[in-house]
Amino acid sequence: MSVVDLLGDPVPGDHTEEAGDIRVGGTVAPPVIELRALTRTFAGTPPVLAVRGADLRIAAGEYVSVIGPSGSGKSTLLHILGLLDRPTSGDYLFDGVPTGAASDADRAALRGGRIGFVFQAFHLLPHRTVLDNVLLATLYSGVPRPERRPRALAALDRVGLSHRLDFLPIVLSGGERQRVAIARAVISSPHVLLADEPTGNLDAATSGGVLDLFDELHRDGLTLVVITHDAGVSARAQRRIRIDDGTLTEVTR
Amino acid sequence: MSRLEPARVRRPRLRLPHLRLRLRLPSVRLPRLRLPHLPRPGRLRRRGSDAAALGSARDRFGLRDLIAEAAYGVGARPGRLVLTIIGTVLGVGSLVVTVGLAQTAAGQIAHQFDAVAATQVVVEPATARTQGGSRAIGSIPWDVADRLERIAGVEAAGGIAAVDVAGAEITAVPVNDPSAAPLAAPKVLATTPGLLDAVRGTIVTGRYFDSGHDERADRVVVLGARAATRLGVNRVDRQPSIFIGERPYTVIGIIDGVARRTDLLDAVILPVGTARVDFALAGLDQAQATIAVGAGPVVADQAPLALDPNSPENIEVQVPPDASAVRTSVQADINAIFLALGAVALLVGGLGIANVTLLSVRERTGEIGLRRALGASKADIGRQFLVESVVIGLLGGLIGSATGVAAVILVSLAQGWTPILDTVVVLGAALLGGVIGLGAGTYPALKAAGVEPITALRGGA
């Protein structure tokens with residue numbers, strides 16, 4: 001499809017307006033994340049409605065924070081957004097692709113190639129060096145073998161840990177560990193970075209450093225979804241969503 | 001004609017391009033083959049970026065990555081690794097030792113038999129018990145050597161009989177010296193010419209008699225080495241004589257080194273023909289034969305028929321036991337016990353691997369969850385743990401196999417044996433370790449693949 005084809009075709013316009021999509025280079029880009037009446041319930045007596053009827057669109061390049069008290073369904077939402085959990089009803093479109101009924105292997109491939117995770121507990125392999133921990137993400141995301149090392153070095157350089165390549169995570173400080181985790185999350189150039197309480201285990205100063213790094217990544221065009229119970233962390237985001245008892249509401253400033 | 005000529009000219013023109021094409025083809029193919037090499041980086045990059053976007057590609061957790069990750073997993077806890085593989089090492093090692101020692105022992109037995117016993121046959125007339133003791137009921141024909149040598153597998157044969165000289169003195173010089181202490185007379189034996197070979201004797205000097213001496217009943221003797229010493233005969237070039245009673249016999253040779261019938265060394269040996277004429281020898285006592293290795297059963301079957309076709313039951317043949325039968329019976333004895341022990345050790349080894357792998361799956365749920373979050377599929381996780389346990393099993397198998405070989409060699413050294421061990425057994429035992437790892441790792445691998453990433457991540461690592 002060339003530009004000439006697009007010029008002669010007036011149709012995309014009204015569709016874009018209605019859906020609130022953004023246009024990139026003349027073609028319509030679907031939102032990175034789109035939830036359609038998504039519900040997740042956990043069996044029990046009575047059943048727990050962790051996420052109820054959620055509708056959400058997150059466009060490429062947005063920095064979104066999801067804030068809510070513990071038990072509000074934050075983690076369930078993150079697991080669903082990260083394709084680690086399946087919705088009970090409704091659908092979740094990732095890059096416009098419905099994932100609710102996708103096969104386990106397809107979802108694993110999407111996780112590896114397009115989603116980066118940053119966890120509260122860092123989840124670094126304790127017996128592997130910093131470099132190995134970052135390289136781990138390239139194994140499953142299909143980064144070509146010759147590119148793996150240069151990319152890992154670049155990612156570590158970006159988070160300012162070039163001098164710690166051969167260190168084991170146990171000797172790093174909390175802030176450094178989280179930066180390793182961020183390097184690992186961005187190495188496969190994901191479409192979205194999901195962070196679950198990224199500063200939950202960090203003190204105020206190191207938290208600031210991590211959040212500054214998020215700001216930088218956002219400035220470079222990365223889509224970020226940060227889940228937190230900390231209003232300070234949430235405030236750094238461009239767009240804020242509150243989750244309360246499984247219901248999502250947009251927070252207006 | 002004028003039309004035909006251009007046609008003729010055209011033909012070669014038409015052919016030429018064909019020829020050229022054929023010639024060019026190889027030169028065209030070569031660059032075609034090379035082309036993919038040159039733009040490969042570009043292609044790979046394009047594919048790679050596509051693949052990264054799609055989340056699936058050639059370089060996504062390939063065999064190399066799988067083995068590298070499994071190797072890290074195996075090497076992460078060396079102390080535990082040692083404990084894990086001990087069972088397999090013991091099992092595989094005991095199997096190798098069992099089979100190796102059985103083979104070595106069987107080799108020793110065959111070796112001893114090969115020397116003499118496995119190739120020596122003794123033929124005697126059957127005996128019957130009577131009131132006065134036992135009495136030979138069969139007889140060995142005079143031409144026993146010819147008859148035996150016609151049987152396949154017989155290499156040399158000869159008959160032997162004790163000669164009754166009726167108290168005649170045997171002396172080197174016919175001098176009656178009353179003051180000399182009387183010596184026990186040497187035994188007198190009669191043999192067919194081929195007996196020397198049949199008992200593997202060697203000639204010290206001179207020669208053994210031949211069929212000519214035998215037929216003519218020449219008065220010649222061959223002395224056993226000890227008899228020669230006693231009679232004071234040590235060279236035969238001057239044709240010394242000995243006397244049996246009053247009759248002189250020319251000594252034509254001295255023999256030694258017989259492997260059977262060592263009484264020959266103390267004896268004065270006559271040709272059978274001479275003994276029949278001079279001492280009325282009635283019959284042969286025994287026949288000796290050397291056979292090819294493994295010919296024993298055949299000779300045992302055929303010798304009685306060859307010697308006494310009408311009543312073969314009157315001939316007794318002593319043949320060496322079948323070497324392979326000896327080997328298998330020895331192996332069966334040793335193997336039954338030790339193979340059972342080895343199997344038990346292997347079973348315990350397999351359970352050990354299964355147990356430790358299961359434990360490690362439980363410990364590493366956080367890692368599994370992380371890998372799943374990073375894009376590993378269930379199959380990727382399962383394969384990783386399976387390969388880890390196969391590697392552990394293979395390691396155990398290799399170490400066990402090596403230890404077993406060392407043990408067999410040490411035992412052989414201590415016993416002065418030649419270690420015999422089938423290479424197939426050694427390599428097979430090492431591989432068996434891998435198979436055990438595979439079997440033991442299947443359940444833990446399925447467990448690992450089934451780990452829910454959410455619970456795993458929540459648990460923390």
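Just so you know, these numbers come straight off a predicted model, no measurement behind them. Note: hydrogens, waters and symmetry copies are ignored here, and every other heavy atom, side chains too, is used. Residue numbers start from 1 in every chain, and the chains themselves are labelled A, B, ... in the order their sequence lines are given, proteins ahead of strands.
Distance check: B:Asp65 CG to A:Arg145 CZ gives 4.5 Å after rounding to the nearest 0.5 Å. For the atom pair A:Asp132 CG and B:Tyr72 OH, the distance stands at 4.0 Å (nearest 0.5 Å). Summarising the geometry, atom CG belonging to B:Leu374 is positioned 8.5 Å from atom CG belonging to A:Leu139; distances are rounded to the nearest 0.5 Å.
Put simply, the side chain of B:Arg60 gets close to the backbone of A:Tyr140: a donor and an acceptor are under 3.5 Å apart. Using a distance-only test at 3.5 Å, with no hydrogens or angles considered, a donor-acceptor pair links the side chain of A:Arg111 to the main chain of B:Arg372.
Nearest heavy-atom pair, A:Ala108 versus B:Ser377, reported as atom, atom and distance to 0.1 Å: CB-CA, 3.8 Å. Taking both residues in full, the closest heavy atoms of A:Leu136 and B:Glu69 are given as CD1-OE1, 3.5 Å, listed atom of the first, atom of the second, then distance. Contact detail for B:Ala373 and A:Leu84: the closest heavy-atom pair is CA-CD2, 4.0 Å.
Contact annotation for A:Asp106: neither backbone nor side-chain heavy atoms come within less than 4.5 Å of a heavy atom of chain B. Within the 4.5 angstrom heavy-atom criterion, atoms from both the backbone and the side chain of B:Arg371 approach chain A. For chain B, the nearby part of A:Arg128 is the side chain; its heavy atoms alone come within less than 4.5 Å. Using a 4.5 Å cut-off between heavy atoms, A:Asp104 contacts chain B through its side chain alone, with no backbone atom that close.
Atom CZ of B:Arg80 sits in a crowded spot, with more than 12 heavy atoms from other residues, nucleotides or ligands closer than 6.0 Å.
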(message) One pair to check against side-chain contact (heavy atoms from CB on, under 4.5 Å): B:Leu370 and A:Arg184. What are the steps and the verdict?
(response) CA-CA 11 Å; B:Leu370 171 73; A:Arg184 181 181 65 194; 3.4 Å; yes
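Contact count versus chain B (heavy atoms, under 4.5 Å) is highest, among A:His127, A:Gln120, A:Arg148, for A:Arg148.
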